[in-house]
Amino acid sequence: MSATAAVQRDPAPLNRAEHDRMANAIRALAMDAVEQAKSGHPGLPMGAADIATVLFTQFLKFDPADPYWPDRDRFILSAGHGSMLLYALLYLLGYEAMTIEQIKRFRHLGSNTPGHPENFETPGVETTTGPLGQGLGNAVGMAIAERHLAAQFGDIVDHHTYVLASDGDLMEGVSQEAIALAGHLRLNRLIVLFDDNGISIDGPLSLADSVDQVKRFEAAGWNATRIDGQDPQAIASAIANAKKSDRPSMIACKTTIGFGAPTKAGKASSHGSPFGADEIKGAREKLGWAAAPFEVPADILSWWRGAGARGREARKAWEQRLAAVPMDKRGEFARRHNGDLPLGFADAVRAFKEKLIAEPKDIATRVASENALGVLTAAVPEMVGGSADLTGSNNTRPKGMAAMSASDYAARFIHYGIREHGMAAAMNGMALHRGVIPYSGTFLVFSDYCRPSIRLAALAGERVIHVMTHDSIGLGEDGPTHQPVEHLAALRAIPNLLVLRPCDPVETLECWQIALEQKDGPSVLALTRQNLPQLRQEMATRNLCAAGAYEIAPSIAGQARVSIFATGSEVSIAVEAKKLLDAKGVLTRVISVPSFELFALSDAATRRAVIGNAAVNVGVEAAVRQGWDAIIGSDGVFVGMTGFGASAPYKDLYRHFGITPERVAEAALSKLGT
Ligand SMILES: Cc1ncc(C[n+]2csc(CCOP(=O)(O)OP(=O)(O)O)c2C)c(N)n1
Ligand SMILES: [Mg+2]
């Protein structure tokens, strides 16, 4: 039997000696790369090498020749610190981009082997992990996307999502949200391999944890089991069973961190630092690994490459299945997978904008968003909405949108439950899976509960859209616990995140258009609870919000002495203030600033023209000043919040905190010295 044929027996286990040598190749590469980089985490790759070898040689459906094949199984290394496990696998399996040179340059600038896995750097890496728990949350979203698309497209979508999760992943709170959601939706294509090594950085897990993880998963509706994670037969039969389950599965694989290291195995000291020459020498002896650093014996490499070639047939078979799908459906699948919006999208936006102009309405922007969603979700069938138990408040469920459940995966609205973090992490996974555009709903103040996932969406360049309503003291009586004041500034601080705060129904539609067209990054739509006047009453085919800032109310004659910049609900206050100032002969203009980020992207001349050269610049936003100086200058006047809000009807709050047209006009006049 040839070496290649040996690994093509599927899913029968390899013989033990072959298995051990293949797993040891991972261990050796991990030790060597960490040693050379003088930093990194050898413990996890060494402990989990047996799990990975069984999964990748016998079960995982993938093809290194086409890393983005839509129907591949997804493998998520949630414990991103174990990145060398993944890089070793990609190299051994024959992913072209993962050369031994890249492994040698682990953790160095410009390599595709960064400290923690980044999907945008490395073909074969499905998501960006490192912050523990996020990968597990992403995987739930991928498993949702898989079931959803399978329900819509049939057997051209038919794959599993596997996760390798560590103690840390399961200790993080977000894992509870993810697990509960997956169990509830009975995502049986989701299989979590728990690297149950009982060790974290501080030492044995017993220092800080005594949860029975198997019982915990079972309580959430999973199929869960415990095995010896160093025994390839046990691993293979547990995965085979999990694939038959009607629920998501968790396999607690008892492993030894740093397996093979003579003095550090089983200890926290193997977690996150190079072993040193002596320990590596001892490990090589113990594992029977005689090859030089970064060398993999030819027979072992060819077994691995054989395992890498295993999925080619499956991909070809899939291509045939796809070819048999009627052309329009196939085209639709490809469009969604590529992330291109439907051809009719721009027309749908324009037609709806004309309608908004023809029938102006003084409504809250959250209601304007619901109205826009009615049109947009009809035009863009890949939009999958949701809310973290605030559906009626966030207005994210347009009429007629059915709720997803274990018996209806084709439905497009997800009741995420009170799980903002799990929701945001799952949305990242949905976007990375491709084929869906997820949008969510919660209150803006709870963006804090989503923030770690929003940050990763921004880093990884994922199109997820967060609808965040109740975006200021304007929410009123619920009081300061629910009134965001620093959140706009905090979100604007995240690179590659668009923060969009529209002022009326037309801007709301434009902001939705921007968010949907933003293929390589996330957006937050900050929307009001309270009604606002419709300020935009003239048709503009162009998306005015796309400039980030534009003059919404020009000076009535000649040069303005005051420029008022405002966002969202404060734009109408600015327009009222302008009337007061104009009446006093102080010519004023108003600039709506729906997005600081987009404005910052405009060229300097455009920015200068929009900012203008009035004697006084005033900024108005019911939030803290941080970030505003870039627009109004450090000598600009800011009317907003300086601390937390209060509980009262919203009009009383605006008066109480001095965010009124009168106060804005006074502030401008006093700065003018008149
Ligand atoms: C949210 C988050 N907090 C802290 C860390 C830093 N950190 C990296 S690994 C780790 C825990 C290591 O334990 P475990 O998850 O069991 O991994 P193992 O040591 O077994 O490989 C911690 C605290 C992190 N990566 N993410
Ligand atoms: Mg551990």
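Atoms within each ligand, like the ligands themselves, are counted from 1 in listed order.
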Practice item. Can you confirm whether something in the protein, heavy atoms only, sits under 4.0 Å from atom 4 (C) of ligand 1? Key: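 Under 4.0 Å from atom 4 (C) of ligand 1, zero protein heavy atoms found.
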Distance-only polar pair, side chains of [X] and [Y], donor-acceptor under 3.5 Å:
X: Gln134; Y: Ser78; value: no
X: Ser453; Y: Asn428; value: no
X: His415; Y: His184; value: no

Check your understanding: Would you say His108's side chain and Phe106's backbone share a donor-acceptor pair under 3.5 angstrom?
Key ->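 Side chain of His108 to backbone of Phe106: a pair is present.
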Review point. With distance as the sole test, does Asn24 use its side chain to make a donor-acceptor pair with the main-chain N or O of Leu287 at under 3.5 Å?
Key: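 Here the side-chain-to-backbone pair exists.
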Point to revise | Protein N/O/S count near the Mg ion (ligand 2) (criterion: distance under 2.8 Å) | key: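 That number is 3, waters not included.
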Review point. Quick one: does ligand 1 sit under 4.0 Å from the side chain of Asn197, the backbone, both or neither, non-hydrogen atoms only?
Key: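 Looking at Asn197 and ligand 1, just side chain atoms fall under 4.0 Å.
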Practice item. Quick one: look at Ile257 and ligand 1, take heavy-atom pairs under 4.0 Å, and tell me if it's side chain, backbone, both or neither. Key: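 For Ile257, the contact with ligand 1 is made by the side chain alone.
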Review point. Can Gly82 be said to touch ligand 1, with heavy atoms closer than 4.0 Å?
Key: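 Checking ligand 1 against Gly82, which is what was asked, there is no heavy-atom contact under 4.0 Å.
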Check your understanding: Heavy-atom contact under 4.0 Å between Ala79 and ligand 1?
Key ->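 Not so, Ala79 does not reach ligand 1.
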Point to revise | Geometric class of the His470/Phe443 ring pair [parallel <30°, tilted 30-60°, perpendicular >60°] | key: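 Plane angle between 30° and 60°, so tilted.
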Exercise for review: If the plane angle is over 60° it's perpendicular, under 30° parallel, otherwise tilted; pick one for Phe217 and Trp222.
Suggested key: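 Ring orientation of Phe217 relative to Trp222: perpendicular.
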Extract all donor-acceptor atom pairs below 3.5 Å that involve side chains of residues 457-466 and protein atoms in other chains or at least two apart in sequence.
from	atom 1	to	atom 2	distance (Å)
Arg463	NH1	Leu516	O	2.8
Arg463	NH2	Gly339	O	2.8
His466	ND1	Ser440	OG	2.9

Check your understanding: Counting heavy atoms only, which of Thr129, Leu132, Asp209 is nearest atom 26 (N) of ligand 1?
Key ->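 The nearest heavy atom belongs to Leu132.
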